[in-house]
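Since the structure comes first, as structure tokens, the remarks are kept for the end.
Values reported hereafter were calculated over all heavy atoms of this structure, with side chains retained and with hydrogens, waters and symmetry mates removed. Because the structure is predicted, anything quoted here is derived from the model rather than measured.
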Amino acid sequence: MIDGEFDIIVVGAGHAGCEAALAGARLGFKVGLFTLNLDTIAQMSCNPAIGGLAKGHIVREIDALGGEMARVTDRAGIQFRMLNRSKGPAVWSLRAQSDRLLYRLEMRKSLESEKNIIIKQASVEAFIVEDGKVKGAIDHLGIKYRAGAVVITTGTFLNGLIHIGLETMEAGRAGEFPSKGLSRCLRDLGFKMGRLKTGTPPRLDSRTIDFSQLELQYGDDPPQPFSYLTEKITNPQLPCYITYTNKETHEIILKNLDRSPLYSGRIKGIGPRYCPSIEDKVVKFSDKERHQVFLEPEGLETKEYYANGISTSLPFDVQLRLVRSIKGLENAEIMRPGYAIEYDFVYPTQLKHSLETKLIENLFLAGQINGTSGYEEAAGQGIIAGINAALKLQGREPLILRRDEAYIGVLIDDLVTKGTQEPYRMFTSRAEYRLLLRHDNADMRLTEKGYRIGLVKEEQYERFLKKKETIEKEIKRLRTTRLKPEEINKLLLERGSSPVSEAQSLEQLLKRPEIRYRDLMNHVSSDIPDEIADAVEIEVKYEGYIKKHLELVERMKRLEDMAIPSDFDYTRLKLSKEVLSKLLEVRPANLSQASRIPGVTPAAVSLIMIELTRQRRQKTPSFKPKEA
């Protein structure tokens, strides 16, 4: 039976699936969004927060491209904090606590307001594939749905297995069925798959927490929104709280490692290195006397708190004892126990940079199925997969973000070039051009691209143009406005900066590390919003560093311009077996990508370059002058 026809089918309605469906629909295509449970669309399965180090950059990039995560976060946010303000602007990053229920409802509202999206509660078990192209999907009832492209965003649901102590249960998330047939289908289609693990901490009843013993952590006042379209955050803002584990906590954990599925060998999947369980922390960092625990509110209308920092899969009785050994939590009640979850993923080296699979045409993968962790990494892939599925159906070139253009570009390039053996998490340190990829300038980098594609609407584009013009005008004014020594020396001495003996431009003064844009209040535009003032200051102060980065980018572009044909014969070159296998697995699109594959040496890249040059010369006809 064929139930209907779509242009694009999106499997899974988590953070990746929502962005993919919205992108496809807003680009004019009929989208079928399939989810196992209508009530858990955009569920925040782990912590009730969006953003953070590097992740906040991705959220802003999604917004600049015309995506939804930032806007929903602003409508559901109950605490906003700009992290790393004491450090350089390249690592500033916004983080927001969200009302978990409100976030889910707001995202569903966004989906249901799009006339091109039809949402269905069904389990997709297989795909219709003809002549190497995906043509649709088949659900658990055997109903067929035709489509020109399919985006898979299954999160942790592929063969999901939950562990609490030595007890296990099949689930894609606590209380929800896993997807088993789809995992089998992908293997049968020829995809190489692996197994990963992640986890979550217990949730606590705030009525049983002694907050008087805990450290308060407030958000920024006023809170800065994530989206460039948000004028003001209107939700009440709540504090978070900080406490710590202690010697007693660690002893409880160490005495019960034989009951831990992680240490008893029951869990086979590889866990996240940068977000370890409390068991891992205690064992691997035995020199640490304590570990920080953040108590984060789950929402405005609930008493549930998320115990960030003690992710665990220990048995419930052990969880209760370790929680109650922590200061302020002596009488705490656990509302939901922590658990570990194992799930299947597809090795991402089987993808193109567009997130289309190399094996099946018009089939795209996004999110944790590609080996990533985190809502933001998933959503960043989701919007790219949705955009490229739509562009493919339009017969247009895919949107490929370079490493110097976006953290999303770094994320996808790392996945398809290097692959991953553990849940991939984004950090600012992964980006070699991070001074170009700042939190403040995501719109300057990506709005034009989103507008050309058709995803960024006129209102957002007009705001972008106005902001860009304001920044350019203000920088120009700083260059041309000069101050005499008597006008500025008092301020310079107050700020611990050397006085001047001749007139200086405002730009020259602002380049000094001790001087901030607002210090020059009598001589700068006082009506400029703080975000634009920050952007002006960063562009002026870091001009030299930015120019160096741009020079490196231009050099790298020359390598990217040397495209490697998809049928390039690497076996003709004198390469080691290891290098040859890596190149055949990834099939790099250009020399730049080839140079980033782990194990591919500079000598191997040189051999490829020589062969490409030779082939080009053979194809270029020699010039013969006409006979007289």
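- Taking the ring centroids of Phe177 and Phe157, they lie at or beyond the 6.0 Å cut-off.
- Note that CD1 of Ile400 is 8.0 Å distant from CD1 of Ile384, once rounded to the nearest 0.5 Å.
- Remark: Glu578 does not engage Lys582 in a salt bridge, criterion side-chain N to carboxylate O under 4.0 Å.
- Arg26 CZ to Leu455 CG: the interatomic distance, rounded to the nearest 0.5 Å, is 6.5 Å.
- In this structure, Tyr347 has its ring center under 6.0 Å from that of Phe345.
- At least one donor-acceptor pair closer than 3.5 Å links the side chain of Tyr375 to the backbone N or O of Asn47.
- Panel note: side chain Ser93, backbone Gly52; a donor-acceptor pair is recorded below 3.5 Å.
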Run the side-chain contact (heavy atoms from CB on, under 4.5 Å) check on Ile152 and Phe364 step by step: do they pass?
-> CA-CA 6 Å; Ile152 310 178; Phe364 297 78; over 6 Å; no
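- Sequence neighbours left out, the pairs with a member in residues 359-372 that pass salt bridge (charged side-chain N to carboxylate O under 4.0 Å, His left out) are Glu361-Lys392.
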Kindly determine whether Ile138 and Ile143 satisfy side-chain contact (heavy atoms from CB on, under 4.5 Å), including the steps that lead there.
-> CA-CA 6 Å; Ile138 306 170; Ile143 301 171; over 6 Å; no
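- Annotation: ring-ring contact (aromatic ring centres under 6.0 Å, His included) contacts involving residues 93-123, sequence neighbours excluded, comprise His15-Tyr103.
- Sorted by first and then second residue, the ring-ring contact (aromatic ring centres under 6.0 Å, His included) pairs with a member in residues 181-201 form an empty list; sequence neighbours excluded.
- The main-chain N or O of Gln43 is never found under 3.5 Å from a side-chain atom of Arg104 such that the two would form a donor-acceptor pair.
- Here the straight-line distance linking atom CD1 of Ile278 with atom OG of Ser313 works out to 12.0 Å at 0.5 Å rounding.
- Sparse packing is recorded around NZ of Lys303, with 12 or fewer heavy atoms of other residues, nucleotides or ligands lying under 6.0 Å away.
- What you find for Ala16 and Ala378 is that their closest heavy atoms are CB-O, 3.2 Å.
- Leu27 and Gly454 make their closest contact through CD2-C, 3.7 Å (heavy atoms, listed as atom of the first residue, atom of the second, distance).
- In terms of heavy atoms, Leu229 sits closest to Asp63 at N-OD2, 4.5 Å.
- Looking at every heavy atom in both residues, Gly181 comes nearest to Glu125 through CA-OE1, 3.1 Å.
- Under a 4.0 Å N-O distance rule, the pair Glu5/Arg146 does not qualify as a salt bridge.
- A donor-acceptor contact closer than 3.5 angstrom is absent between the side chains of Tyr263 and Asn256.
- For Arg336, the CZ atom sits in a loose shell: 12 or fewer heavy atoms of surrounding residues, nucleotides or ligands are nearer than 6.0 Å.
- A donor atom on one side chain and an acceptor atom on the other are found under 3.5 Å apart for Gln593 and Thr417.
- Under a 3.5 Å cut-off, the side chain of Asp99 and the backbone N or O of Gly299 do not form any donor-acceptor pair.
- Ring geometry, Phe226 versus His439: the interplanar angle falls from 30° to 60°, so the pair is classed tilted.
- The closest donor-acceptor contact from the side chain of Asn362 to the backbone of Gly148 lies under 3.5 Å.
- Checking each of Leu186, Leu189, Val150, Leu363 against Thr357 for a side-chain contact (heavy atoms from CB on, under 4.5 Å) leaves exactly one that passes, namely Leu363.
- Between the side chain of Ser227 and the backbone N or O of Arg71 there is no donor-acceptor pair closer than 3.5 Å.
- Under the 3.5 Å distance criterion, the side-chain polar atoms of Asn235 are matched with a main-chain donor or acceptor of Arg75.
- Between Leu365 and Asn370, the shortest heavy-atom distance links the atoms O-ND2, 3.0 Å.
- Looking only at atom types and distance, the side chain of Glu585 has a donor-acceptor partner in the side chain of Thr349 under 3.5 Å away.
- The pair Arg425-Glu377 does not meet the salt-bridge criterion, since no charged nitrogen lies less than 4.0 angstrom from a carboxylate oxygen.
- No donor-acceptor distance shorter than 3.5 angstrom exists from the side chain of Thr428 to the backbone of Ala54, with no hydrogens or angles considered.
- Counting only N and O atoms by type, the side chains of Glu176 and Thr40 include a donor and acceptor under 3.5 Å apart.
- Heavy atoms from other residues, nucleotides or ligands lying under 6.0 Å from CD of Gln394 number more than 12.
- For Tyr424 and Asp414, the side-chain atoms include at least one donor-acceptor pair closer than 3.5 Å.
- In summary, of the residues considered (Arg402, Lys418, Arg596), a salt bridge (charged side-chain N to carboxylate O under 4.0 Å, His left out) with Asp413 occurs for Arg596 alone.
- Stacking of Arg321 on the aromatic ring of Phe316 is not recorded, the 6.0 Å distance cut-off and the 45° axial limit not both being met.
- No donor-acceptor distance shorter than 3.5 angstrom exists from the side chain of Glu19 to the backbone of Gly386, with no hydrogens or angles considered.
- A donor-acceptor pair under 3.5 Å is formed between the side chain of Gln381 and the backbone N or O of Gly367.
- The number of heavy-atom neighbours closer than 6.0 Å to NZ of Lys457, taken from other residues, nucleotides and ligands shown, is above 12.
- For Asn388 and Ser354, the side-chain atoms include no donor-acceptor pair closer than 3.5 Å.
- With rounding to the nearest 0.5 Å, the separation of CD in Glu342 from OG1 in Thr156 is 11.5 Å.
- Counting heavy-atom neighbours within 6.0 Å of Glu130 CD, excluding the residue itself, gives a total above 12.
- Of the charged side-chain nitrogens involved, none lies within less than 4.0 Å of a carboxylate oxygen, so that Lys284 and Glu279 do not count as a salt-bridged pair.
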Starting from the C-alpha separation in whole Å, work towards a yes-or-no answer on side-chain contact (heavy atoms from CB on, under 4.5 Å) for Leu94 and Val59.
-> CA-CA 9 Å; Leu94 189 61; Val59 179; over 6 Å; no
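- Here CD1 of Ile341 is found 8.5 Å from OG of Ser45. Values are rounded to the nearest 0.5 Å.
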Mind running side-chain contact (heavy atoms from CB on, under 4.5 Å) on Leu158 and Leu182 for me, showing each step along the way?
-> CA-CA 7 Å; Leu158 292 183; Leu182 194 54; 4.0 Å; yes
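- Shown are Ile58, Thr372, Ile408; of these, the side-chain contact (heavy atoms from CB on, under 4.5 Å) with Met426 is made only by Ile58.
- Of all heavy-atom pairs spanning Arg108 and Leu38, the tightest one is NH1-O, 3.0 Å.
- Partner of Glu61 under the salt bridge (charged side-chain N to carboxylate O under 4.0 Å, His left out) criterion, chosen from Lys449, Lys55, Arg445: Arg445.
- Of the residues Lys197, Lys192, Arg195, Arg184, the one that meets the salt bridge (charged side-chain N to carboxylate O under 4.0 Å, His left out) test with Asp344 is Arg195.
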Before giving the answer on side-chain hydrogen bond (donor to acceptor under 3.5 Å, both in side chains), spell out for Glu68 and Ser110 the whole-Å C-alpha distance, their side-chain angles and the decisive distance to 0.1 Å.
-> CA-CA 8 Å; Glu68 195 68 14; Ser110 296; 2.8 Å; yes
